[in-house]
Amino acid sequence: MSRYNAKETEKKWQAAWAGRGTFRVGEDASKPKYYVLEMFPYPSGRIHMGHVRNYTMGDVVARYKRARGFNVLHPMGWDAFGLPAENAARDKGVHPADWTYANIADMRRDLQSMGLSLDWSREIATCHPEYYRHQQKLFLDLLAAGLAYRKEASVNWDPVDQTVLANEQVIDGRGWRSGAPVEKRKLTQWFFRITAFLEDLLRALDTLDRWPDRVRLMQRNWIGRSEGLQLHFDLVDRPDFPRIDIYTTRPDTLFGASFLAISPEHPFAQALAKENAAAAAFVAESLRTGTSEALIETAEKRGFDTGVRARHPFIPGHTVPVFVVNFVLMEYGTGAIFGCPAHDERDFEFATKYRLPILWVVCPPDEKNPASLPTRREAYTEKLGRMINSGFLDGLDVPEAIRAAIAKAEAMGIGKGVVNFRQRDWLVSRQRYWGCPIPVIHCGACGIVPVPERDMPVKLPDDVRFDKPGNPLDHHPTWKHVACPKCGAAARRETDTFDTFVDSSWYFGRFCSPRADEPMQRAAVDYWLPVDQYIGGIEHAILHLLYSRFFMRALKLDGRVGVDEPFAGLFTQGMVCHETYQDASGNWLMPNEVTRGPDGNWISLDGQKVAAGRVEKMSKSKKNVIDPSSILDQYGADTARWFMLSDSPPERDMEWTTAGVEGAWRFSQRLWRILDEALPALPATGAAMPAALSAPAFALRQAAHRTVAAVTNDIETFHFNRAVARIYELANTLQEFRPGDAGDSHALREALEILVCLVGPMMPHLGEEMWAALGHQTLLADTAWPEAAPELVYQDTVMVAVQVGGKLRATIEVSRDLDQAALEAAALSQENVQRAIAGRTLRKVIVVPNRIVNVVV
RNA sequence: GCCCCUGUGGCGGAAUUGGUAGACGCGGCAGACUCAAAAUCUGUUGUUGGUGACAACGUGCUGGUUCGAGUCCGGCCAGGGGCACCA
């Protein structure tokens, strides 16, 4: 009996696919296209198990669709700009480019050893000028279209590293690298006008029916659309500041207003601070604590009574006090609100503290006695009930009152109904070297001047130093000094680079024509886009996926693409987890640093007691990491792939276990053995199936064809774990099958070939080897997916459960679609059923054809 | 605080529209082969009672709808995730 040698065999077939260019594709109008994409990796140097899971799933889909006759685009590239390269430069003295390209080479080798059906001729790296020069071109388009602009904004500033930080790089108010407390700074930065598309980005979420609901919901919440009223309150005796604009989503509660609250950053607060020392002190203190995200949670709601009063817009002669408060954000709405304590929790807290009136204007539906409302100890915030104490709104329900209040404010000319969003424009500039240069020049006379075509691309200089904190491009002695392209005067080159999320917002488009002299060839993107199936982690649910959706819309305006949505189908995979281990002193241990002791408990290699902890996401800090290359080396790619697909549903987190890998490895060996033992008995390839078959042979054919139907459905619906279980069942059936006559061996060959075809997308190397052993000259990768014959999938008998009083008492096998009377008679004739109903009266019998008979007693 | 998801044997998980709970795998137990081990194969494996046929119980807890509920509805509990002064 020969053994399957995964290591050598896998290399052989990888070479065969590469040599024949099996997975190279081009546009082909005669075939339906299918674009499969997994989120491209950051080239950290090694692949991790998350990559293995991600790319295995994508490869199953790609190979399956290919077998179904689709022209499949399945490319790979590198999200290659980013901070780790600069950190490596700082810490190890290597150039970011050298470090990155070396990592790419290592990771490419790892990925290639997985046997993925990738078109490597389309490989791209975002850090290569051949990629980022096109990005610069796209940026200038956005600039010309008014979708990119510069403005002063409050941003996270790391005072030690002297750079802007993204929100996710701020941990507990400190810079993630330097550990220094992050400051809010007003800086002039580059933004993309994502807010121009918010309505559409929100509405179109409903069309993305092959996206997880969860992701769509997260995007919806992130965009945060709200409808409300913007209106102004006139101030009493402030000719310098006659009115304050507020925004509210609850204009129905205006009659419950007992104060106005404005942000410390509001112009009126700033004006007051200039004339009043107490106001200045309050504003200064609020800005200090109020801007640190971590403190906001615990910060007490505080206010400063300005002494100024504002006229109520609907109640003549009535005024309310104006407070500067530490809990109103300048960035949202108008930076000012009206406080209605009775119907807002935060306002209730504030009013209680500062002894302001609490006026009840919405009567909850279950409240019989509105007069008792003032005795309540908390705000009523539901939008349910009828208006009271509210003048012209009295008697209306909340939605009616909202509409009526907006209409009235508009009629009075003091306000208008508006829509507000939580989402702001996208800050894309970073004070970093290892990113795509922003191709503009700042001229004292001409302002912002795009770099002209003849000087494009703006390449990163190679000779940079990382010995000083801050942006190496800014420290470079010559790079930023240029002549203005317009007037020729001395000017300054932009030294900021793009956020790496810009790079990943259009790479899927570049894959369609990766060597084109323009960012995207229109014919190529028209053929391939949108991506039919995108696969990646849930951690990108908002940022990357929202930015990409924005980018497509911007590019469409420019006529570079014809679609709005980049990803027609999205699948978010779960994480790969592993048990954690700690020694007696609390140090984390790697999985290969522990072993089972004589009593079955974990011990370290030197015999010390080890505590096994929770199963958690593989991470360097917990050391619960398995290196994929050691698994690929020891067991081969097919085993790793099979294990990744087994057991756990793909969207859920999975636990990596040694037992699981060994189980997968044993199965690959078992498949080979089943084939090896069957081979001598098999008829030649392509021999015709005899018309008459023995009962076991017919049953085998049925099992095989039913497996095809089930596995096909499971792959289509991303239920890889179910497909794996079905394949195990077929393998078990095959293993038990002993061919008798010649017809039996025909059925055996057919079932074996089906098994190999079904296994192919998951264990492609073993699949090819088995396919060749079956006598085929062609590649399994070029073989069509098997068709399930309807007459073999059809069940002519069914198992029907018989219940008495809802409890199972028997199962009977009857012919399919047996009529109800006969089914009932068959059920009642069962001995066990008779025993169960003996001495009881039959009330009725429920008969569900092909499923169940329930005798009600 | 608000929103969302999840909860099934020792473990990962199956279970079409409400219709036989536990497919398949891992692990365990018993056996075969072997001088022995590895590998492989066979049987068995939700809990309890019974030699057995069988019976009772069983899908986080609790109440309901139904001939019938893991699945539907109400109220809880636990774990995970997202958002969080958003007016």
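Heavy-atom basis, side chains included; hydrogens, waters and symmetry copies ignored. Order of the sequence lines sets the chain letters (A, B, ...), proteins ahead of strands, with each chain counted from 1.
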Open item on the list: For A/R376 and A/E378: C-alpha separation, side-chain torsions, deciding distance, then whether salt bridge (charged side-chain N to carboxylate O under 4.0 Å, His left out) applies.
Closed with: CA-CA 6 Å; A/R376 292 200 175 198; A/E378 56 181 22; over 6 Å; no
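Side chain of A/I852, nearest nucleotide from B/C3, B/A14, B/G19: B/G19. Taking every side-chain heavy atom of A/I337 into account, B/A87 is the closest of B/C83, B/A87, B/G19. The side chain of A/P649 lies closest to B/G13 when the candidates are B/G13, B/C41, B/C85. Listed nucleotides: B/G25, B/A87, B/G82. Nearest to the side chain of A/T248: B/A87. Picking from B/C86, B/G7, B/G25 the nucleotide with the shortest atom distance to the side chain of A/R652 gives B/G7. Considering only the side chain of A/R673, B/C41 comes nearest among B/C57, B/C41, B/U20.
Residue A/R726 is classed as a base contact, given a heavy-atom separation below 4.0 Å to a base. Base engagement by A/I846 is indicated by at least one non-hydrogen atom pair under 4.0 Å involving a base atom. Using a 4.0 Å heavy-atom criterion, one finds that A/N854 contacts the bases of the nucleic acid, with or without backbone contacts as well.
Summarising the geometry, the separation between CZ on A/R851 and P on B/G68 is reported as 18 Å, rounded to the nearest angstrom.
Taking atom P on both nucleotides, B/A87 is separated from B/G13 by 38 Å, rounded to a whole Å.
Separating the CZ atom in A/R214 from the CD atom in A/Q219 is a distance of 13.0 Å, to the nearest 0.5 Å.
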